[in-house]
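Shown next, in structure tokens, is the structure this report addresses.
One-based numbering along the sequence shown.
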Amino acid sequence: QKQLVQSGGGLVQPGGSLRLSCATSGFTFSKYIMNWYRQTPGKQRELVADISSGGSTNYGDSVKGRFTISRDNAKNTVYLQMNNLKPDDTAVYYCNVFQLGLWGQGTHVTVSS
């Protein structure tokens with residue numbers, strides 16, 4: 001059974017930080033590119049960041065310099081460290097494995113005073 005189980009998120013003030021986790025099982029985690037997307041009502045789904053099996057990373061323009069994607073192959077887990085959060089970062093965040101068609105359940109992030 002292939003699964004992505006997310007944790008983290010919640011409510012944070014502007015300028016604060018959160019770390020999202022995505023724990024995986026049922027496949028060879030270390031061989032796949034892992035992605036973080038986010039979705040806000042009224043906006044298109046946005047690719048936030050991705051990380052290759054070799055550790056190469058890419059970021060959406062809106063989060064460059066503030067977010068960091070990382071992976072721990074020993075724990076089969078991918079992370080998204082979010083710093084200097086802004087109200088526009090408010091969204092539901094999803095981890096994803098494109099090649100397997102897998103999505104996490106989603107994690108709400110709300111940035112508000």
Side-chain angles (χ1 to χ4, degrees):
Q1 186 176 1
K2 300 177 178 67
Q3 289 186 314
L4 308 178
V5 180
Q6 298 179 219
S7 60
L11 175 65
V12 66
Q13 293 185 339
S17 297
L18 288 171
R19 188 177 76 158
L20 306 183
S21 297
C22 177
T24 75
S25 60
F27 64 98
T28 306
F29 171 81
S30 62
K31 294 184 177 180
Y32 290 91
I33 297 170
M34 299 296 299
N35 309 302
W36 285 100
Y37 286 86
R38 66 187 182 187
Q39 179 71 59
T40 301
K43 297 180 66 177
Q44 290 186 279
R45 184 180 63 196
E46 177 184 16
L47 179 63
V48 176
D50 63 75
I51 184 167
S52 74
S53 60
S56 298
T57 59
N58 295 290
Y59 298 93
D61 289 341
S62 63
V63 307
K64 286 180 180 176
R66 300 188 297 119
F67 290 13
T68 303
I69 187 171
S70 61
R71 67 192 300 158
D72 187 337
N73 288 341
K75 296 181 178 180
N76 298 326
T77 300
V78 63
Y79 304 94
L80 185 67
Q81 178 67 47
M82 304 183 293
N83 297 327
N84 192 24
L85 284 159
K86 303 176 180 180
D88 283 350
D89 296 319
T90 296
V92 180
Y93 286 73
Y94 298 90
C95 60
N96 162 259
V97 190
F98 172 77
Q99 291 177 272
L100 298 176
L102 296 176
W103 293 87
Q105 80 276 20
T107 300
H108 288 264
V109 172
T110 302
V111 185
S112 176
S113 299

Legend entry - Pairs where residues 53-90 contributes a residue and the test ring-ring contact (aromatic ring centres under 6.0 Å, His included) is met, not counting sequence neighbours: none
Inset, instruction - Can you tell me which residue pairs pass the ring-ring contact (aromatic ring centres under 6.0 Å, His included) test with a partner in residues 8-36, sequence neighbours excluded? - result: F27-Y32
Between [X] and [Y], what is the shortest heavy-atom contact and its length?
| X | Y | result |
| --- | --- | --- |
| K75 | T77 | O-OG1, 2.8 Å |
| N84 | R66 | O-NH1, 3.0 Å |
| L80 | A49 | CD1-CB, 4.3 Å |

Legend entry - Check: Q81 and S17 side chains under 4.5 Å, non-hydrogen atoms: yes
Legend entry - Student check: side-chain heavy atoms of R45 and Y94 closer than 4.5 Å: no
Within this structure, what is the [atom1]-[atom2] distance for the pair [X] and [Y], rounded to the nearest 0.5 Å?
| X | Y | atom1 | atom2 | value |
| --- | --- | --- | --- | --- |
| L20 | S7 | CG | OG | 8.0 Å |
| R19 | T68 | CZ | OG1 | 11.5 Å |
| C22 | N76 | SG | CG | 10.5 Å |
| K2 | T28 | NZ | OG1 | 9.5 Å |

Legend entry - ILVMFWY network linking L85 to Y37, side-chain heavy atoms under 4.5 angstrom: no
Legend entry - In one Ile/Leu/Val/Met/Phe/Trp/Tyr side-chain cluster, 4.5 Å: V48, V12: yes
Legend entry - Residues in side chain to side chain donor-acceptor pair (under 3.5 Å) contact with K64, at least two apart in sequence or another chain: D61
Inset, instruction - Would you please name every residue forming a side chain to side chain donor-acceptor pair (under 3.5 Å) with N58, sequence neighbours left out? - result: D50
Legend entry - Side-chain donor/acceptor of R71 to backbone N/O of S52, under 3.5 Å: yes
Inset, instruction - Using the salt bridge (Lys or Arg N to Asp or Glu O under 4.0 Å) rule, collect all pairs that involve residues 95-109, keeping only residues at least two apart or in two chains. - result: none
Inset, instruction - Before giving the answer on side-chain contact (heavy atoms from CB on, under 4.5 Å), spell out for I33 and F98 the whole-Å C-alpha distance, their side-chain angles and the decisive distance to 0.1 Å. - result: CA-CA 8 Å; I33 297 170; F98 172 77; over 6 Å; no
Inset, instruction - Evaluate side-chain contact (heavy atoms from CB on, under 4.5 Å) for M34 paired with V97, printing each intermediate quantity in order. - result: CA-CA 5 Å; M34 299 296 299; V97 190; 3.5 Å; yes
Inset, instruction - Check the pair T90, T40 against side-chain contact (heavy atoms from CB on, under 4.5 Å), reporting the backbone distance first and the verdict last. - result: CA-CA 7 Å; T90 296; T40 301; 5.8 Å; no
Taking only distance into account, with no hydrogens and no angle test, what donor-acceptor pairs under 3.5 Å do side-chain atoms of residues 99-113 form with protein atoms, sequence neighbours excluded?
{"unit_1": "Q105", "atom_1": "OE1", "unit_2": "Q6", "atom_2": "N", "d": "2.9"}
{"unit_1": "Q105", "atom_1": "NE2", "unit_2": "Q6", "atom_2": "O", "d": "2.9"}
{"unit_1": "T107", "atom_1": "OG1", "unit_2": "Q6", "atom_2": "NE2", "d": "2.9"}

Inset, instruction - Please report the C-alpha distance between M82 and V63 in whole Å, then the side-chain angles of each, then the deciding distance to 0.1 Å, and finally whether the side-chain contact (heavy atoms from CB on, under 4.5 Å) criterion is met. - result: CA-CA 9 Å; M82 304 183 293; V63 307; over 6 Å; no
